[in-house]
There are 2 protein chains.
Amino acid sequence: MTSAGRRPDDGERYRAILETAARLICERGYEGTSMQEIAAACRLTKAGLYHHIQNKEQLLFAIMSYGMDLFEGQVIAKVKDIEDPVERLRACMRRNIEVVTRGASKEVIIILHEHATLTGEAREYIDQRKKEYVRFIESAFSEAVKLGRVRPLEPTIVAFSFLGMVLWVYKWFKPDGRLTEEQITDGMLDLFFAGLAAPGAAVPEPGSAPTLSRVAATGVGEKK
Amino acid sequence: MTSAGRRPDDGERYRAILETAARLICERGYEGTSMQEIAAACRLTKAGLYHHIQNKEQLLFAIMSYGMDLFEGQVIAKVKDIEDPVERLRACMRRNIEVVTRGASKEVIIILHEHATLTGEAREYIDQRKKEYVRFIESAFSEAVKLGRVRPLEPTIVAFSFLGMVLWVYKWFKPDGRLTEEQITDGMLDLFFAGLAAPGAAVPEPGSAPTLSRVAATGVGEKK
DNA sequence: AAGAGCCTACCGACCGGTCGGTAACATTGG
DNA sequence: CCAATGTTACCGACCGGTCGGTAGGCTCTT
(Lines give C-alpha, C1' and ligand atoms only; values in the text may rest on other atoms or scores of the structure.)
Protein backbone atom coordinates (compact mmCIF):
# COMPACT_ATOMS: atom_id res chain seq x y z
CA MET A 1 0.00 0.00 0.00
CA THR A 2 2.01 2.92 1.20
CA SER A 3 5.28 1.34 0.25
CA ALA A 4 6.33 2.70 -3.10
CA GLY A 5 7.73 -0.51 -4.38
CA ARG A 6 10.44 -2.57 -2.80
CA ARG A 7 13.83 -0.97 -2.93
CA PRO A 8 16.86 -3.17 -3.07
CA ASP A 9 18.07 -1.79 0.24
CA ASP A 10 21.81 -1.45 0.29
CA GLY A 11 21.94 -0.63 3.96
CA GLU A 12 20.49 2.77 3.37
CA ARG A 13 17.20 1.62 4.78
CA TYR A 14 18.87 0.37 7.92
CA ARG A 15 20.47 3.71 8.51
CA ALA A 16 17.15 5.44 7.97
CA ILE A 17 15.68 3.26 10.69
CA LEU A 18 18.54 4.16 13.01
CA GLU A 19 17.96 7.83 12.36
CA THR A 20 14.22 7.61 12.91
CA ALA A 21 14.68 5.60 16.09
CA ALA A 22 17.33 8.04 17.26
CA ARG A 23 14.97 10.95 16.78
CA LEU A 24 12.34 9.33 18.96
CA ILE A 25 14.72 8.05 21.62
CA CYS A 26 16.35 11.46 21.79
CA GLU A 27 12.96 13.04 22.46
CA ARG A 28 11.51 10.55 24.95
CA GLY A 29 14.49 8.63 26.29
CA TYR A 30 15.41 5.02 25.67
CA GLU A 31 13.14 3.42 28.27
CA GLY A 32 10.41 5.91 27.47
CA THR A 33 10.25 4.90 23.82
CA SER A 34 8.46 1.70 22.82
CA MET A 35 9.30 -0.48 19.88
CA GLN A 36 5.74 0.05 18.76
CA GLU A 37 6.34 3.77 18.43
CA ILE A 38 9.65 3.32 16.66
CA ALA A 39 8.10 0.89 14.20
CA ALA A 40 5.21 3.25 13.50
CA ALA A 41 7.59 6.14 12.92
CA CYS A 42 9.42 3.95 10.41
CA ARG A 43 6.08 3.17 8.76
CA LEU A 44 6.41 -0.47 9.77
CA THR A 45 4.69 -2.84 12.09
CA LYS A 46 6.63 -4.00 15.08
CA ALA A 47 7.37 -7.36 13.46
CA GLY A 48 8.48 -5.55 10.34
CA LEU A 49 10.90 -3.53 12.38
CA TYR A 50 12.22 -6.68 14.01
CA HIS A 51 13.10 -7.96 10.58
CA HIS A 52 15.86 -5.34 10.52
CA ILE A 53 17.07 -5.41 14.09
CA GLN A 54 17.74 -8.05 16.71
CA ASN A 55 16.31 -6.43 19.83
CA LYS A 56 15.90 -3.11 21.54
CA GLU A 57 19.28 -2.93 23.23
CA GLN A 58 21.10 -3.86 20.05
CA LEU A 59 19.20 -1.06 18.35
CA LEU A 60 20.46 1.41 20.95
CA PHE A 61 23.96 0.04 20.54
CA ALA A 62 23.76 0.47 16.76
CA ILE A 63 22.54 4.04 17.21
CA MET A 64 25.39 4.83 19.58
CA SER A 65 28.01 3.23 17.35
CA TYR A 66 26.67 5.22 14.43
CA GLY A 67 26.73 8.30 16.66
CA MET A 68 30.36 7.70 17.54
CA ASP A 69 31.16 7.35 13.85
CA LEU A 70 29.48 10.65 13.12
CA PHE A 71 31.16 12.37 16.05
CA GLU A 72 34.60 11.12 15.20
CA GLY A 73 34.08 12.10 11.59
CA GLN A 74 32.85 15.58 12.38
CA VAL A 75 35.24 16.37 15.22
CA ILE A 76 38.30 14.21 15.64
CA ALA A 77 38.97 13.50 11.97
CA LYS A 78 38.67 17.19 11.14
CA VAL A 79 41.17 18.37 13.73
CA LYS A 80 43.57 15.54 14.42
CA ASP A 81 46.06 16.64 11.78
CA ILE A 82 46.41 20.17 13.05
CA GLU A 83 50.06 20.49 13.97
CA ASP A 84 49.84 22.96 16.80
CA PRO A 85 48.29 21.29 19.85
CA VAL A 86 46.60 24.43 21.12
CA GLU A 87 45.06 25.16 17.76
CA ARG A 88 44.02 21.52 17.63
CA LEU A 89 42.25 21.87 20.95
CA ARG A 90 40.60 25.10 19.88
CA ALA A 91 39.31 23.60 16.68
CA CYS A 92 38.20 20.56 18.62
CA MET A 93 36.14 22.64 20.99
CA ARG A 94 34.62 24.57 18.11
CA ARG A 95 33.64 21.42 16.25
CA ASN A 96 32.35 19.78 19.37
CA ILE A 97 30.04 22.66 20.24
CA GLU A 98 28.90 22.68 16.64
CA VAL A 99 27.84 19.04 16.83
CA VAL A 100 25.91 19.59 20.04
CA THR A 101 24.16 22.82 19.11
CA ARG A 102 23.13 21.94 15.61
CA GLY A 103 20.85 19.08 16.41
CA ALA A 104 22.19 17.38 13.32
CA SER A 105 22.82 14.05 14.90
CA LYS A 106 20.42 12.96 17.60
CA GLU A 107 22.63 9.90 17.92
CA VAL A 108 25.32 11.94 19.63
CA ILE A 109 22.84 13.43 22.07
CA ILE A 110 21.70 9.92 22.92
CA ILE A 111 25.29 8.93 23.64
CA LEU A 112 25.57 11.88 25.97
CA HIS A 113 22.30 11.34 27.77
CA GLU A 114 22.07 7.56 28.01
CA HIS A 115 25.51 7.19 29.52
CA ALA A 116 24.51 4.29 31.76
CA THR A 117 21.81 2.54 29.78
CA LEU A 118 23.79 -0.03 27.83
CA THR A 119 25.07 -3.12 29.61
CA GLY A 120 27.76 -5.72 29.16
CA GLU A 121 30.08 -5.73 26.20
CA ALA A 122 28.12 -3.11 24.28
CA ARG A 123 28.55 -0.71 27.17
CA GLU A 124 32.26 -1.46 27.37
CA TYR A 125 32.73 -0.91 23.67
CA ILE A 126 31.08 2.50 23.66
CA ASP A 127 32.84 3.52 26.86
CA GLN A 128 36.10 2.56 25.22
CA ARG A 129 35.46 4.83 22.26
CA LYS A 130 34.49 7.65 24.60
CA LYS A 131 37.70 7.11 26.53
CA GLU A 132 39.69 7.43 23.35
CA TYR A 133 38.25 10.87 22.85
CA VAL A 134 39.17 11.85 26.38
CA ARG A 135 42.69 10.64 25.76
CA PHE A 136 42.78 12.58 22.51
CA ILE A 137 42.08 15.77 24.42
CA GLU A 138 44.45 14.88 27.24
CA SER A 139 47.33 14.25 24.92
CA ALA A 140 46.77 17.38 22.87
CA PHE A 141 46.89 19.26 26.14
CA SER A 142 49.99 17.45 27.37
CA GLU A 143 51.68 18.19 24.10
CA ALA A 144 50.89 21.86 24.57
CA VAL A 145 52.33 21.73 28.06
CA LYS A 146 55.53 20.19 26.75
CA LEU A 147 55.84 23.04 24.28
CA GLY A 148 55.36 25.54 27.08
CA ARG A 149 52.20 26.83 25.46
CA VAL A 150 49.97 26.25 28.46
CA ARG A 151 50.28 25.74 32.20
CA PRO A 152 50.91 22.26 33.56
CA LEU A 153 47.55 21.23 34.97
CA GLU A 154 46.17 17.75 35.58
CA PRO A 155 45.38 16.57 32.03
CA THR A 156 42.34 14.49 32.96
CA ILE A 157 40.76 17.33 34.89
CA VAL A 158 41.44 19.67 32.01
CA ALA A 159 39.89 17.19 29.59
CA PHE A 160 36.76 16.67 31.66
CA SER A 161 36.40 20.40 32.23
CA PHE A 162 36.61 20.89 28.48
CA LEU A 163 34.04 18.17 27.97
CA GLY A 164 31.74 19.37 30.73
CA MET A 165 31.59 22.86 29.30
CA VAL A 166 30.85 21.84 25.74
CA LEU A 167 28.73 18.73 26.31
CA TRP A 168 26.52 20.15 29.04
CA VAL A 169 25.25 22.48 26.35
CA TYR A 170 22.87 19.78 25.19
CA LYS A 171 20.90 20.24 28.40
CA TRP A 172 20.12 23.90 27.99
CA PHE A 173 20.78 25.11 24.44
CA LYS A 174 17.81 26.22 22.39
CA PRO A 175 18.34 27.04 18.71
CA ASP A 176 16.00 30.02 18.92
CA GLY A 177 17.34 31.23 22.24
CA ARG A 178 19.12 34.46 23.04
CA LEU A 179 22.60 32.97 22.67
CA THR A 180 23.76 31.91 19.23
CA GLU A 181 26.10 29.04 18.54
CA GLU A 182 28.82 31.54 17.63
CA GLN A 183 28.51 33.45 20.88
CA ILE A 184 28.74 30.27 22.90
CA THR A 185 31.71 29.01 20.93
CA ASP A 186 33.58 32.28 21.21
CA GLY A 187 32.80 32.69 24.88
CA MET A 188 33.84 29.22 25.86
CA LEU A 189 37.00 29.28 23.78
CA ASP A 190 37.98 32.54 25.37
CA LEU A 191 37.23 31.41 28.91
CA PHE A 192 38.77 27.97 28.66
CA PHE A 193 41.98 28.84 26.88
CA ALA A 194 42.57 31.87 29.03
CA GLY A 195 42.35 29.50 31.98
CA LEU A 196 44.94 27.26 30.41
CA ALA A 197 47.35 30.05 29.72
CA ALA A 198 47.13 32.33 32.71
CA PRO A 199 49.85 31.98 35.29
CA GLY A 200 49.20 31.03 38.89
CA ALA A 201 45.91 31.02 40.70
CA ALA A 202 44.64 34.13 38.97
CA VAL A 203 41.93 36.50 40.24
CA PRO A 204 43.42 39.03 42.59
CA GLU A 205 42.29 39.21 46.20
CA PRO A 206 39.80 41.88 47.15
CA GLY A 207 41.67 44.29 49.40
CA SER A 208 45.30 43.96 50.28
CA ALA A 209 44.97 40.45 51.53
CA PRO A 210 48.15 38.45 51.63
CA THR A 211 48.70 36.70 48.34
CA LEU A 212 51.85 35.03 47.23
CA SER A 213 52.11 36.28 43.72
CA ARG A 214 50.12 39.28 42.79
CA VAL A 215 49.23 39.42 39.19
CA ALA A 216 48.09 42.91 38.52
CA ALA A 217 46.49 45.49 40.70
CA THR A 218 43.69 46.31 38.36
CA GLY A 219 42.89 42.79 37.27
CA VAL A 220 42.85 43.91 33.69
CA GLY A 221 46.55 44.34 33.45
CA GLU A 222 48.70 42.18 31.34
CA LYS A 223 50.30 38.92 32.23
CA LYS A 224 53.56 38.95 33.98
CA MET B 1 3.90 -8.77 60.87
CA THR B 2 6.74 -6.57 59.77
CA SER B 3 4.97 -3.34 60.61
CA ALA B 4 6.16 -2.13 63.98
CA GLY B 5 3.03 -0.41 65.10
CA ARG B 6 0.89 2.10 63.28
CA ARG B 7 2.13 5.53 64.21
CA PRO B 8 0.44 8.55 62.65
CA ASP B 9 3.61 9.36 60.76
CA ASP B 10 5.02 12.86 61.09
CA GLY B 11 6.31 12.96 57.54
CA GLU B 12 9.49 11.12 58.33
CA ARG B 13 8.20 8.01 56.64
CA TYR B 14 7.35 9.98 53.53
CA ARG B 15 10.87 11.29 53.28
CA ALA B 16 12.24 7.79 53.73
CA ILE B 17 10.13 6.69 50.78
CA LEU B 18 11.46 9.60 48.71
CA GLU B 19 15.03 8.62 49.55
CA THR B 20 14.51 4.96 48.75
CA ALA B 21 12.77 5.80 45.50
CA ALA B 22 15.51 8.28 44.65
CA ARG B 23 18.17 5.63 45.15
CA LEU B 24 16.45 3.29 42.72
CA ILE B 25 15.57 5.92 40.13
CA CYS B 26 19.12 7.24 40.27
CA GLU B 27 20.42 3.76 39.49
CA ARG B 28 17.98 2.68 36.80
CA GLY B 29 16.44 5.90 35.51
CA TYR B 30 12.89 7.12 35.95
CA GLU B 31 11.26 5.15 33.14
CA GLY B 32 13.42 2.17 33.92
CA THR B 33 12.16 1.88 37.48
CA SER B 34 8.75 0.34 38.16
CA MET B 35 6.46 1.22 41.02
CA GLN B 36 6.60 -2.43 41.97
CA GLU B 37 10.35 -2.18 42.52
CA ILE B 38 10.07 1.05 44.47
CA ALA B 39 7.36 -0.40 46.66
CA ALA B 40 9.39 -3.54 47.33
CA ALA B 41 12.45 -1.48 48.24
CA CYS B 42 10.27 0.41 50.72
CA ARG B 43 9.05 -2.92 52.12
CA LEU B 44 5.56 -2.16 50.91
CA THR B 45 3.18 -3.54 48.36
CA LYS B 46 2.38 -1.36 45.40
CA ALA B 47 -1.00 -0.47 46.88
CA GLY B 48 0.70 0.39 50.15
CA LEU B 49 3.06 2.71 48.37
CA TYR B 50 0.17 4.42 46.63
CA HIS B 51 -1.25 5.25 50.03
CA HIS B 52 1.61 7.73 50.41
CA ILE B 53 1.89 9.13 46.92
CA GLN B 54 -0.50 10.15 44.18
CA ASN B 55 1.20 8.76 41.10
CA LYS B 56 4.59 8.13 39.59
CA GLU B 57 5.18 11.58 38.16
CA GLN B 58 4.20 13.30 41.38
CA LEU B 59 6.70 11.04 43.12
CA LEU B 60 9.44 12.23 40.77
CA PHE B 61 8.37 15.80 41.32
CA ALA B 62 8.54 15.35 45.10
CA ILE B 63 12.01 13.83 44.78
CA MET B 64 13.20 16.72 42.66
CA SER B 65 11.70 19.34 44.95
CA TYR B 66 13.38 17.67 47.88
CA GLY B 67 16.59 17.58 45.86
CA MET B 68 16.38 21.29 45.17
CA ASP B 69 15.86 21.91 48.88
CA LEU B 70 18.96 19.88 49.67
CA PHE B 71 21.01 21.56 46.98
CA GLU B 72 20.01 25.06 47.96
CA GLY B 73 20.72 24.24 51.59
CA GLN B 74 24.13 22.75 50.91
CA VAL B 75 25.30 25.20 48.27
CA ILE B 76 23.45 28.48 47.92
CA ALA B 77 22.58 28.99 51.58
CA LYS B 78 26.17 28.31 52.60
CA VAL B 79 27.75 30.83 50.24
CA LYS B 80 25.17 33.52 49.54
CA ASP B 81 26.34 35.74 52.40
CA ILE B 82 29.97 35.85 51.33
CA GLU B 83 30.67 39.48 50.68
CA ASP B 84 33.30 39.19 47.97
CA PRO B 85 31.66 37.99 44.73
CA VAL B 86 34.72 36.08 43.55
CA GLU B 87 35.10 34.29 46.85
CA ARG B 88 31.38 33.58 46.71
CA LEU B 89 31.76 31.97 43.31
CA ARG B 90 34.77 29.97 44.44
CA ALA B 91 32.96 28.65 47.48
CA CYS B 92 29.95 27.95 45.32
CA MET B 93 31.98 25.82 42.93
CA ARG B 94 33.59 23.99 45.83
CA ARG B 95 30.25 23.20 47.45
CA ASN B 96 28.70 22.24 44.15
CA ILE B 97 31.40 19.73 43.30
CA GLU B 98 31.10 18.39 46.82
CA VAL B 99 27.40 17.70 46.36
CA VAL B 100 27.96 15.90 43.08
CA THR B 101 30.97 13.81 44.08
CA ARG B 102 29.78 12.67 47.46
CA GLY B 103 26.77 10.71 46.35
CA ALA B 104 25.01 12.05 49.41
CA SER B 105 21.85 13.06 47.69
CA LYS B 106 20.72 10.91 44.79
CA GLU B 107 17.90 13.41 44.43
CA VAL B 108 20.27 16.00 43.01
CA ILE B 109 21.69 13.53 40.51
CA ILE B 110 18.15 12.78 39.38
CA ILE B 111 17.53 16.48 38.84
CA LEU B 112 20.64 16.61 36.69
CA HIS B 113 19.92 13.51 34.67
CA GLU B 114 16.15 13.66 34.22
CA HIS B 115 16.19 17.19 32.90
CA ALA B 116 13.35 16.60 30.45
CA THR B 117 11.24 13.96 32.16
CA LEU B 118 8.75 16.06 34.06
CA THR B 119 5.91 17.73 32.19
CA GLY B 120 3.52 20.62 32.66
CA GLU B 121 3.53 22.76 35.76
CA ALA B 122 5.84 20.47 37.69
CA ARG B 123 8.46 20.83 34.98
CA GLU B 124 8.06 24.59 34.96
CA TYR B 125 8.42 24.80 38.73
CA ILE B 126 11.66 22.83 38.81
CA ASP B 127 13.03 24.69 35.79
CA GLN B 128 12.28 27.92 37.58
CA ARG B 129 14.29 26.90 40.62
CA LYS B 130 17.16 25.81 38.38
CA LYS B 131 17.03 29.16 36.64
CA GLU B 132 17.31 30.93 39.96
CA TYR B 133 20.59 29.14 40.55
CA VAL B 134 21.87 30.17 37.13
CA ARG B 135 20.93 33.74 37.91
CA PHE B 136 22.68 33.47 41.27
CA ILE B 137 25.91 32.59 39.49
CA GLU B 138 25.40 35.18 36.78
CA SER B 139 24.88 37.99 39.24
CA ALA B 140 27.83 37.01 41.41
CA PHE B 141 29.91 37.14 38.26
CA SER B 142 28.45 40.45 37.11
CA GLU B 143 29.15 41.88 40.54
CA ALA B 144 32.77 40.77 40.22
CA VAL B 145 32.96 42.43 36.82
CA LYS B 146 31.65 45.66 38.24
CA LEU B 147 34.36 45.57 40.87
CA GLY B 148 36.97 45.02 38.18
CA ARG B 149 37.90 41.67 39.68
CA VAL B 150 37.28 39.66 36.53
CA ARG B 151 37.02 40.23 32.80
CA PRO B 152 33.72 41.26 31.27
CA LEU B 153 32.47 38.08 29.60
CA GLU B 154 28.95 37.08 28.72
CA PRO B 155 27.47 36.22 32.15
CA THR B 156 25.19 33.44 30.92
CA ILE B 157 27.98 31.70 29.07
CA VAL B 158 30.19 32.00 32.11
CA ALA B 159 27.43 30.56 34.28
CA PHE B 160 26.76 27.61 31.99
CA SER B 161 30.47 26.94 31.62
CA PHE B 162 30.74 26.89 35.39
CA LEU B 163 27.78 24.55 35.59
CA GLY B 164 28.94 22.32 32.77
CA MET B 165 32.30 21.76 34.38
CA VAL B 166 31.00 20.92 37.82
CA LEU B 167 27.76 19.14 36.96
CA TRP B 168 29.13 16.97 34.18
CA VAL B 169 31.18 15.34 36.92
CA TYR B 170 28.20 13.15 37.78
CA LYS B 171 28.68 11.35 34.46
CA TRP B 172 32.23 10.19 35.04
CA PHE B 173 33.28 10.54 38.68
CA LYS B 174 33.98 7.36 40.61
CA PRO B 175 34.62 7.62 44.37
CA ASP B 176 37.37 5.04 44.17
CA GLY B 177 38.92 6.42 41.01
CA ARG B 178 42.33 7.93 40.52
CA LEU B 179 41.15 11.50 41.01
CA THR B 180 39.99 12.58 44.45
CA GLU B 181 37.30 15.13 45.12
CA GLU B 182 39.97 17.55 46.34
CA GLN B 183 42.05 17.25 43.18
CA ILE B 184 39.04 17.88 41.00
CA THR B 185 37.91 20.83 43.07
CA ASP B 186 41.36 22.42 43.12
CA GLY B 187 41.94 21.80 39.42
CA MET B 188 38.63 23.21 38.30
CA LEU B 189 38.84 26.22 40.59
CA ASP B 190 42.28 26.98 39.23
CA LEU B 191 41.29 26.55 35.61
CA PHE B 192 38.00 28.39 35.74
CA PHE B 193 39.04 31.41 37.77
CA ALA B 194 42.24 31.82 35.82
CA GLY B 195 40.04 31.98 32.75
CA LEU B 196 37.95 34.69 34.35
CA ALA B 197 40.90 36.77 35.40
CA ALA B 198 43.35 36.49 32.55
CA PRO B 199 43.46 39.43 30.22
CA GLY B 200 42.70 39.12 26.55
CA ALA B 201 42.50 35.96 24.55
CA ALA B 202 45.36 34.25 26.32
CA VAL B 203 47.48 31.38 25.03
CA PRO B 204 50.34 32.70 22.98
CA GLU B 205 50.51 31.98 19.29
CA PRO B 206 52.79 29.19 18.14
CA GLY B 207 55.76 31.10 16.81
CA SER B 208 55.81 33.80 19.50
CA ALA B 209 53.47 35.87 17.47
CA PRO B 210 52.21 39.01 19.13
CA THR B 211 49.08 38.28 21.12
CA LEU B 212 48.79 41.83 22.30
CA SER B 213 45.46 43.17 23.32
CA ARG B 214 42.49 41.32 22.07
CA VAL B 215 39.14 42.72 23.00
CA ALA B 216 37.80 40.63 25.83
CA ALA B 217 34.11 40.77 25.15
CA THR B 218 34.21 39.60 21.58
CA GLY B 219 36.69 36.88 22.27
CA VAL B 220 39.44 35.58 20.09
CA GLY B 221 39.82 35.95 16.41
CA GLU B 222 37.90 33.19 14.78
CA LYS B 223 39.02 31.28 11.75
CA LYS B 224 42.53 31.62 10.56
C1' DA C 1 13.06 -21.59 -6.55
C1' DA C 2 14.87 -18.68 -3.29
C1' DG C 3 14.85 -15.22 -0.30
C1' DA C 4 14.26 -10.44 1.20
C1' DG C 5 10.77 -7.66 3.15
C1' DC C 6 6.84 -7.13 5.61
C1' DC C 7 2.41 -8.50 7.51
C1' DT C 8 -1.36 -10.52 10.82
C1' DA C 9 -1.82 -12.56 14.89
C1' DC C 10 -0.31 -13.65 19.03
C1' DC C 11 2.59 -14.63 23.47
C1' DG C 12 3.66 -14.15 28.59
C1' DA C 13 5.15 -10.69 31.51
C1' DC C 14 4.72 -6.55 33.33
C1' DC C 15 3.09 -1.71 33.46
C1' DG C 16 0.79 2.20 36.41
C1' DG C 17 -3.01 2.40 39.10
C1' DT C 18 -7.35 1.12 41.90
C1' DC C 19 -10.63 -1.61 44.61
C1' DG C 20 -12.60 -3.23 48.97
C1' DG C 21 -11.13 -4.70 53.12
C1' DT C 22 -8.50 -4.79 57.67
C1' DA C 23 -5.25 -4.47 61.67
C1' DA C 24 -3.60 -1.11 64.73
C1' DC C 25 -3.75 2.80 66.76
C1' DA C 26 -5.98 7.61 68.83
C1' DT C 27 -9.95 10.03 70.36
C1' DT C 28 -14.06 10.55 72.57
C1' DG C 29 -18.31 9.83 75.45
C1' DG C 30 -20.31 7.74 79.08
C1' DC D 1 -12.39 2.39 82.98
C1' DC D 2 -14.13 0.86 78.72
C1' DA D 3 -16.40 0.58 74.52
C1' DA D 4 -17.74 3.05 70.27
C1' DT D 5 -15.93 5.62 66.57
C1' DG D 6 -12.62 7.56 63.42
C1' DT D 7 -8.20 7.59 61.22
C1' DT D 8 -3.95 5.90 59.46
C1' DA D 9 -1.26 2.54 57.25
C1' DC D 10 -1.34 -1.11 54.66
C1' DC D 11 -2.56 -5.58 51.91
C1' DG D 12 -4.43 -9.10 48.34
C1' DA D 13 -6.53 -9.12 44.22
C1' DC D 14 -7.38 -7.21 40.27
C1' DC D 15 -8.01 -3.71 36.21
C1' DG D 16 -7.19 -2.41 31.20
C1' DG D 17 -3.45 -1.72 28.65
C1' DT D 18 1.30 -2.06 26.90
C1' DC D 19 5.74 -4.04 26.97
C1' DG D 20 9.52 -6.59 24.09
C1' DG D 21 9.49 -10.24 21.19
C1' DT D 22 8.02 -14.19 17.94
C1' DA D 23 5.72 -17.76 14.66
C1' DG D 24 4.25 -18.31 10.35
C1' DG D 25 2.51 -16.83 6.09
C1' DC D 26 2.09 -13.68 2.02
C1' DT D 27 4.13 -10.93 -1.85
C1' DC D 28 7.29 -9.32 -4.87
C1' DT D 29 11.92 -9.42 -7.02
C1' DT D 30 15.78 -11.87 -8.75
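The chains referred to below are lettered A, B, ... by the order of the sequence lines, with proteins before strands, and numbering in each begins at 1. Atoms considered below: every heavy atom in the structure, side chains included; atoms not considered: hydrogens, waters and symmetry mates.
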To the nearest Å, give me how far apart [atom1] ([X]) and [atom2] ([N]) are.
X	N	atom1	atom2	result
A/Arg43	C/dG5	CZ	C1'	17 Å
B/Tyr14	D/dT8	OH	P	16 Å
B/His51	C/dT22	NE2	C1'	13 Å
B/Arg13	D/dC10	CZ	C1'	10 Å
B/Ile17	D/dA9	CD1	C1'	10 Å
A/Glu31	C/dC14	CD	C1'	13 Å
B/Leu44	D/dT8	CG	C1'	13 Å
B/Arg28	C/dC15	CZ	C1'	15 Å

Working for side chain to side chain contact (heavy atoms under 4.5 Å, CB included), residues B/Ile110 and B/Met64: CA-CA 7 Å; B/Ile110 292 174; B/Met64 287 189 171; 4.1 Å; yes
Partners passing side-chain hydrogen bond (donor to acceptor under 3.5 Å, both in side chains) against [X] (at least two apart in sequence or in another chain):
X	value
A/Arg15	none
A/Arg135	none
B/Glu57	B/Thr119
B/Tyr30	none

B/His52 side chain near D/dT8 phosphate (N/O to OP1/OP2, under 4.0 Å):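 The answer is no; no side-chain N or O of B/His52 sits under 4.0 Å from OP1 or OP2.
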Sugar-phosphate only, base, or nothing, as touched by B/Ser34 at under 4.0 Å among non-hydrogen atoms: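 Answer is sugar-phosphate: B/Ser34 comes under 4.0 Å of backbone atoms only.
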Touch class at under 4.0 angstrom, heavy-atom based, for A/Leu49 against every strand present: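 No contact.
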A/Leu24 to A/Ile38 - nearest heavy-atom pair and separation: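 For A/Leu24 and A/Ile38, the tightest heavy-atom pair comes out as CD1-CA, 3.7 Å.
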Show me, pair by pair, the donor-acceptor contacts under 3.5 angstrom made by side chains of residues 182-189 of chain B, not counting sequence neighbours?
residue	atom	partner	partner atom	Å
B/Gln183	OE1	B/Thr180	N	3.0
B/Gln183	OE1	B/Thr180	OG1	3.4
B/Thr185	OG1	B/Glu181	O	2.7

N/O-N/O pairs, protein side and nucleotides 21-24 of chain D side, under 3.5 Å:
residue	atom	partner	partner atom	Å
D/dG21	OP2	A/Tyr50	OH	2.5
D/dG21	OP2	A/Lys56	N	2.8
D/dG21	O5'	A/Tyr50	OH	3.4
D/dG21	N7	A/Lys46	NZ	3.0
D/dG21	O6	A/Lys46	NZ	2.7

